[in-house]
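Single-structure report; data block below.
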2 protein chains.
Amino acid sequence: MATLADVARRAGVSPATASRVINGSSKPVADELRERVLRAVADLRYVPNAHAQLLARPQRSVVGVVVHDVSDPYFAELTRGLQRVATDHGRLVIICNSYRDPERELEYVELLRAQQVAAIVLAGSGYHDATFTARLAEKLAAYEATGGRVAVVGRHEHPGDAVMPANTDGGRLLGAELLRRGHTRIGVVAGPQVLTTITDRLDGLRAALAEGGHPLPAERVRYADFDRDGGARAAGELLDAVPGLTALVALNDSMAVGALTLLRARGVPVPGQVSVVGFDDMPVAADVTPALTTVRLPLVELGARAMTLALGPPADRSRVEVLPATLVVRDSLGPAPA
Amino acid sequence: MATLADVARRAGVSPATASRVINGSSKPVADELRERVLRAVADLRYVPNAHAQLLARPQRSVVGVVVHDVSDPYFAELTRGLQRVATDHGRLVIICNSYRDPERELEYVELLRAQQVAAIVLAGSGYHDATFTARLAEKLAAYEATGGRVAVVGRHEHPGDAVMPANTDGGRLLGAELLRRGHTRIGVVAGPQVLTTITDRLDGLRAALAEGGHPLPAERVRYADFDRDGGARAAGELLDAVPGLTALVALNDSMAVGALTLLRARGVPVPGQVSVVGFDDMPVAADVTPALTTVRLPLVELGARAMTLALGPPADRSRVEVLPATLVVRDSLGPAPA
DNA sequence: GGCTGCTAGGAAAGCGCTTACCTATGCGAT
DNA sequence: ATCGCATAGGTAAGCGCTTTCCTAGCAGCC
């Protein structure tokens, strides 16, 4: 690997001059020398060693992102927003997948600190686990103490900048719409109960139903894995356990698709007999048949805002932005059958 | 940020000793000192500066990945394979999105070189553009000259390690199956013609059809954007231009979903009047109605193999692995109507 | 007891870069 | 002709770490 010294030698100048030319420093350099340096750079295919630069002038150019899983469409969209803003700021992005393992999240925060990243964006759901939350907060604080910036998305564990989707509002929207269409015997296909995302959405739904005079009994909520198979399983259980069920609320679109698959397999007409609604408005929601009624979260925007907070000027106090959820009505939701 | 010197001072030892304790160097250190160092590390929340470490002991721990777009399910799956292997090797991953912009790919290679990454994996499709290909090869060679490793996935621009999906075979499979079911008036919903992925798939399809005695006329191929909307547009054009069309081949699943949407909007029964097949077997293929017949590519495996080549022992010569494509038959493909 | 031979720990160099500081040159002013 | 000053360029320190090389101390031996 060619070094600055090599360039300087070849151009017949001092390393200082070479550095000044390459970085476009404010100090003026004679055209003749500048030329020679530039030619040497080209000849040697010189690229400055980013680590040495970082050591000499602590100006961080990389940001770290910790998500549950980039291959999950939810995080794929989110990540796209994060990336766009990071790129606009001229920052590279290190993406770490925690695969929903809290320990791994902790490890990654540590690793990113060692990498001296300019900022860490932690995306995903929080956990109902006080010990973990405390450890995470502690690690983030240690990182921030070194001048790093932190923003979280979709979780509120951190006493700094956060961007949140309106999960609870979304649950409410769904509940209100179901009631409006006459649904009262409603089953909920829920993801893991430890995730704050799940409980937030559920809280909203519960509140809307209770306000409408039809509180949700505990046995009408089934917790399962946050994916297609989990959705199918929970939907099956609810169908068996709740006679006269007219609607199924899945707490994300993957689970909703699983529920749809199960209903079709059992020959249950959707929405003729049972309506299905999802959450997130992932691309698949529009592609299935019947197209899924769901709650749209501005995922790209969520990511973009988080990165903007993380890379923008720091605030003296905690900032929490909540981005609104909107209802997207499609074919999978009909009136409750008589 | 606490430094090694801080730790050493607090423990009352030299930086050398502190370093030895922290890195578990082979040199023995008295238990008493070791203890003191460890305590100091914990007290100060010391994390070694990865850049300084890298400078002092050039042992790279980060790998770079350049993809078109992580939020595209194709790359999301691929990336998952890449990540898994990288993590198994204890490597962090920097993900760069080129958004299908060749210039940006070039830039990212440069940036990753500056970051002294251990390896660069370039994923996506190649371009039919000799100038670009040459520039890319040149940049990759410059990077390799510094001891970096390179592997490419889904493209063959690089004279080193490569992992390829059997795109041409996949096209053949599709063509053969269509003929077997009596389809001869076939339209092709193709992505951008500059992508080698497209032309490879098309070549296979063409070959199979020609061998079956039904060569594909050029006007039955429509090139459009590689996404849902492009698929809908191209499908519409073909429907208008080719009377008696019985099958639509989309060169990826997104386009196929777009075609499906258009056919439904026009009230064309699928597969009753027109069959539709896709390519890639992305998750959505199983979720749409009718479920999509498509070609499965082992995307996760593809990514995993590429990263394995990139991080494993170097070969003295170019290695190209081709991973097989398989046909997945679902409901969207039926016999040609009489 | 004096020597050798070992070991634990420290001093210091050096990784590639930036930049504060210094030197030498050339110009205009006196 | 002398002085001062601006300016272009070089010298060297230092970023945080690893590691080679060295020193001091000690046990074991004759």
Side-chain angles (χ1 to χ4, degrees), chain A residues 1-38 40-41 44-62 111 113-118 145-148, chain B residues 1-38 40-41 44-62 111 113-118 145-148:
Chain A
M1 189 90 182
T3 73
L4 184 66
D6 297 333
V7 171
R9 202 170 314 123
R10 182 173 243 265
V13 301
S14 74
T17 304
S19 171
R20 292 196 263 257
V21 170
I22 291 166
N23 296 303
S25 132
S26 56
K27 258 212 153 178
V29 174
D31 286 349
E32 138 109 56
L33 293 196
R34 171 182 312 280
E35 279 265 307
R36 296 216 309 257
V37 170
L38 259 20
V41 166
L44 297 174
R45 286 166 186 7
Y46 169 75
V47 176
N49 180 324
H51 302 287
Q53 278 187 314
L54 200 128
L55 211 55
R57 159 165 46 85
Q59 185 241 90
R60 299 136 178 224
S61 69
V62 176
L111 262 170
R113 172 144 82 104
Q115 291 289 331
Q116 310 275 105
V117 294
T146 72
Chain B
M1 188 90 182
T3 73
L4 184 66
D6 298 332
V7 171
R9 202 170 311 124
R10 183 172 240 266
V13 302
S14 75
T17 304
S19 172
R20 292 198 262 258
V21 170
I22 290 165
N23 297 302
S25 131
S26 57
K27 258 215 155 177
V29 174
D31 287 351
E32 138 109 55
L33 293 195
R34 171 182 312 280
E35 278 266 307
R36 296 217 306 261
V37 170
L38 259 20
V41 166
L44 297 173
R45 289 172 186 2
Y46 170 74
V47 175
N49 180 323
H51 302 287
Q53 278 187 315
L54 200 127
L55 211 54
R57 160 167 46 84
Q59 184 240 93
R60 298 136 177 223
S61 70
V62 176
L111 261 171
R113 172 144 83 105
Q115 291 289 329
Q116 311 275 107
V117 296
T146 71

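Naming: A, B, ... by sequence-line order, numbering from 1 per chain.
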Just the rounded figure in Å: distance from [atom2] of [N] to [atom1] of [X].
{"X": "N23(B)", "N": "dT20(D)", "atom1": "CG", "atom2": "P", "answer": "13 Å"}
{"X": "Q116(A)", "N": "dG16(D)", "atom1": "CD", "atom2": "C1'", "answer": "9 Å"}
{"X": "Q59(A)", "N": "dT19(C)", "atom1": "CD", "atom2": "C1'", "answer": "14 Å"}
{"X": "I22(B)", "N": "dT19(D)", "atom1": "CD1", "atom2": "P", "answer": "13 Å"}
{"X": "M1(A)", "N": "dG14(C)", "atom1": "CE", "atom2": "C1'", "answer": "18 Å"}
{"X": "L4(A)", "N": "dC17(C)", "atom1": "CG", "atom2": "C1'", "answer": "7 Å"}

Looking at every non-hydrogen atom in both residues, tell me the closest pair between [X] and [Y] and how far apart they are.
{"X": "V41(A)", "Y": "V7(A)", "value": "CG2-CG1, 3.9 Å"}
{"X": "H51(B)", "Y": "Q115(A)", "value": "NE2-O, 2.7 Å"}
{"X": "L4(A)", "Y": "Y46(A)", "value": "N-CE1, 3.5 Å"}
{"X": "R60(B)", "Y": "T146(B)", "value": "NH2-O, 3.4 Å"}
{"X": "D6(B)", "Y": "M1(B)", "value": "OD2-O, 4.1 Å"}
{"X": "A114(A)", "Y": "P48(B)", "value": "CB-O, 3.5 Å"}

Q. Going through the distances and angles, do L38(A) and E35(A) end up as a side-chain contact (heavy atoms from CB on, under 4.5 Å)?
A. CA-CA 5 Å; L38(A) 259 20; E35(A) 279 265 307; 5.9 Å; no

Q: Sugar-phosphate means primed atoms, P, OP1 and OP2; the rest is base. With that split, encode nucleotides 4-9 of chain C 5' to 3' as B, S or - using protein heavy atoms under 4.0 Å.
A: ----SB

Q. Sub-3.5 Å donor-acceptor pair from the side chain of R36(A) to the main-chain atoms of A11(A), do we have one?
A.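 Confirmed, R36(A) side chain pairs with A11(A) backbone.
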
Q) Looking for any heavy atom pair under 4.0 Å, which part of the strands does S19(A) touch: base, sugar-phosphate only, or nothing? A)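 Since a base atom lies under 4.0 Å of S19(A), the category is base.
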
Q: With a 4.0 Å heavy-atom cut-off, tell me which residues in residues 49-58 of chain B come close to DNA chain C, sorted by residue number.
A: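 Within residues 49-58 of chain B, the residues near DNA chain C are L55(B), A56(B).
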
